[in-house]
2 protein chains.
Amino acid sequence: MNPLEEMGGENYLPGVSVDNVIFGFHDNQLKVLLLESKNGSHWMLPGGYIQKDESLDTAASRVLLDRTGLKKVFLQQFHVFGDPSRSKESLIKGAIKSLQIDVAKTHWFFNRFITIGYYALVEFEKVIPVPDKHSTSCAWKDIDKLPPLIFDHHEIIDRALVDMRHHLNYQPIGYNLLPREFTMKNLQSIYETILGRKLDRSNFTRKMLASGILDKKEKLYTGGAHKAPFLYSFNKQEYFKVLKEGFNNEF
Amino acid sequence: MNPLEEMGGENYLPGVSVDNVIFGFHDNQLKVLLLESKNGSHWMLPGGYIQKDESLDTAASRVLLDRTGLKKVFLQQFHVFGDPSRSKESLIKGAIKSLQIDVAKTHWFFNRFITIGYYALVEFEKVIPVPDKHSTSCAWKDIDKLPPLIFDHHEIIDRALVDMRHHLNYQPIGYNLLPREFTMKNLQSIYETILGRKLDRSNFTRKMLASGILDKKEKLYTGGAHKAPFLYSFNKQEYFKVLKEGFNNEF
DNA sequence: GTACTATTGTGTCAAATTGACCCAATAATA
DNA sequence: TATTATTGGGTCAATTTGACACAATAGTAC
C-alpha cells in the first residue's frame, strides 16, 4: 500500500496497511498483479488500510476482491515490513509525484507506517484486474521481469517468494493457481519457478502421483506438437487433507 | 504487550506493539519467559511499543534486552496478531484489574491495537529475568504447564511453536538455546519438544553428526548413573553456513 | 502420406536415506 | 561387586532419491 491514499477519516487503523502479492500462473510463467502509478513511472502492489473493526485477513481479502473480483482464494500473511526508512520523506515525495496527488506537507502520512504482507495464489484466467483510484492500470507482470516499483515493494515480492518456497516444504501448492484441469508440466513449472531451479520430470511426476492429491482425467491435452499429455485435476478432499496434515515435499 | 502500558506521549507508533515469546531450555524442558501481573491472576508475554525511528526488529531486541539482559540472540518475527476482538473492552477491563492501573475510560488504549509476534531462543543460564513496571515477577514457565495468560497470549505462544516447528524443516536449531557444551540428548530433547514427538535416539545422532554442525569434545559429561555421554559444541562456521543455505531436517 | 521434432508416459537401477532394531560398554549406585 | 540406566556404535531391510533410458505420439514440414 502506498501511504498516500486517503484514510477516510476515522475509519481505519492509523499507520498500518496491508499489501498483497497476488500470484497467478500463465504460459508456464509465474506472474504478479501490479498497479501502475498515474504518471506511469512506477508500479506498486495492491494494498489497503484496515478498517477499525476488521481483522487483518479480512482487510487483505477485501483488497484482493477489489482488484481481482475473486473471493475464497489462498491468502497467507507472511511478513511485516516496518523499517523506518521504507516511508522516508524523500520516498514519499517521489510517490506523491508518481501518483500525482496534491497534499499538504503536514499530512499524517509523512509519518512512518508499517505494512503487513500477504501473498495470494489465484487462478489467472478468473481474474478481472481493476485499477484503484491512484493507478491507471492493473496488470500481470512476469516475476522475473518486474518493472520499477515504489518504496520497498520489490523487497516485499522477493520475500513472498522466499517464504512461499519454505511453505512448499510442508504444503501442496497449485490448487488456487491452476485451472480445474492441467498437465503435469504446468504443475512442475510452478514448483520450478517458486524453487528457482529445474526439477527432473519423471521424478516430479512420480512424487506428485504418490502424494495422492491428483486425479488423472480420461481426456488428454492436445495442441502441442508432441505426444499428448494427460490432464489432471486436484482431488480436493486429499489436497486439503495433505494441506492440513502436511507432507514431505522435498524436491 | 498489554495495551495498558503508558506510551510516553508521541515517542511510539500508535496502536502497534511487539510481543516476544522467549524460549529457554533447562532440565531437558522447553520454557517460556513470562511476566506476572500485579494482582497475580494472570501472566503475560514481555512486550513493548515501537519507537518512532526504530525498526521492528530493534524494538523486539530492546524488549528482550530489558527483560533478560541479553543481546545478539536469535530473534525471529513470526506472525502478526490483529484480530479486532483480541483487545475488546471486556478484556481490557480485566487487564486493568490485573495490572492495577487507574485509567480514564476514554483512554486511547480502549481502541484496537495489533501486535507483532517475535520468538527468541536464548541460553537459559545466561538470562537474568527482570520484571517491568506492570509486573511483580519475571519467570520461566514450562511450555506444557502454562499459567493463565492475558488476552491472546496463549495463542501467540502456540503459534510460535508451530512456526518454529516449520522453521526446523530448513534451519538448524540449538545454537542460542544450549550452553557452549552439551550432550546429544540435550539437543534431541529440544527437537522432540518443538516437534511434539519422540525421535529415535541413534537415528537422531546419525543425522546430526552427518550435518557437520557439531564438534565432538574430548571431555565426557559425568554425573548420570549410566555410561558417560560425549559432549558436543556447535561448529559456529558450519552452523551458520547451514542456517543460511538450508538443509533437509526431516525427522 | 511420410519423416521429423518435441515432449510425453513409463521403467530401470544404483546410491542414499530412513526406520527399527540390537548389543556391548560403562558411570553411578546399592 | 552386581545392578541399573543410558550410551556409542553398529546392522539391515525397506523406502526414497537421482539420473537416465526408451518407446510412443501429436503436430508440423514436406
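Just so we're clear, the structure is a prediction, and the values are computed from it rather than from any experiment. Values below: every heavy atom of this structure, side chains too, minus hydrogens, waters and symmetry copies. Reminder, nothing fancy here: chain letters follow the sequence lines and each chain counts from 1.
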_Please determine whether a side-chain nitrogen or oxygen atom of B:Lys216 lies at a distance below 4.0 Å from atom OP1 or OP2 of D:dG9._
yes
Nearest heavy-atom approach of B:Gln171 to B:Tyr191 is O-OH, 4.5 Å
From CZ of B:Phe230 across to C1' of D:dG9 the rounded distance in Å is 9 Å
Polar pair under 3.5 Å, donor/acceptor by atom type, side chain B:Ser202, base D:dG8: no
Determine whether the side chains of A:Asp200 and A:Ser202 contain a donor N or O and an acceptor N or O closer than 3.5 Å.
-> yes
Separation of C:dA6 atom P from A:Met184 atom CE, nearest Å, is 23 Å
Taken to the nearest whole Å, CZ/A:Phe204 to P/C:dG11 is 19 Å
Here the distance between atom C1' of D:dC20 and atom CG of A:Asn203, to the nearest Å, is 9 Å
DNA chain D nearest-nucleotide lookup for A:Lys227 and B:Lys185: closer to the 5′ end is B:Lys185
In whole angstroms, the gap separating C1' of D:dT6 from CG of B:Asn28 amounts to 13 Å
Side-chain atoms of A:Ala225 come closest, of C:dG9, D:dG18, D:dT28, to D:dT28
Nearest-nucleotide check on DNA chain C, B:Arg206 vs A:Thr205; residue mapping nearer the 5' end is A:Thr205
Taken to the nearest whole Å, CE/A:Met208 to C1'/C:dG9 is 17 Å
Whole-Å distance, B:Lys198 NZ to C:dA20 P, equals 16 Å
Counting the atoms with a prime plus P, OP1 and OP2 as sugar-phosphate, which does A:Thr183 contact under 4.0 Å by heavy atoms, base, sugar-phosphate, or nothing? nothing
key: Check: B:Arg201 side chain, D:dG8 base, donor-acceptor under 3.5 Å   = yes
Contacts of A:His226 and A:Asp200 projected onto DNA chain D by closest heavy atom; the upstream (5') one is A:Asp200
With no hydrogens and no angle check, do the side chains of B:Asp132 and B:Ser135 hold a donor and an acceptor under 3.5 Å apart? yes
Answer yes or no: does a side-chain N or O of B:Lys207 lie under 4.0 Å from OP1 or OP2 of C:dT17? no
I'd like to know if the side chain of A:Thr58 pairs up with that of A:Ser55 as donor and acceptor (distance under 3.5 Å, no hydrogens or angles considered).
yes
Exercise. Kindly assign one of parallel, tilted or perpendicular to the pair B:Tyr119 and B:Phe78, based on the angle between their ring planes and the thresholds 30° and 60°.
Key: tilted
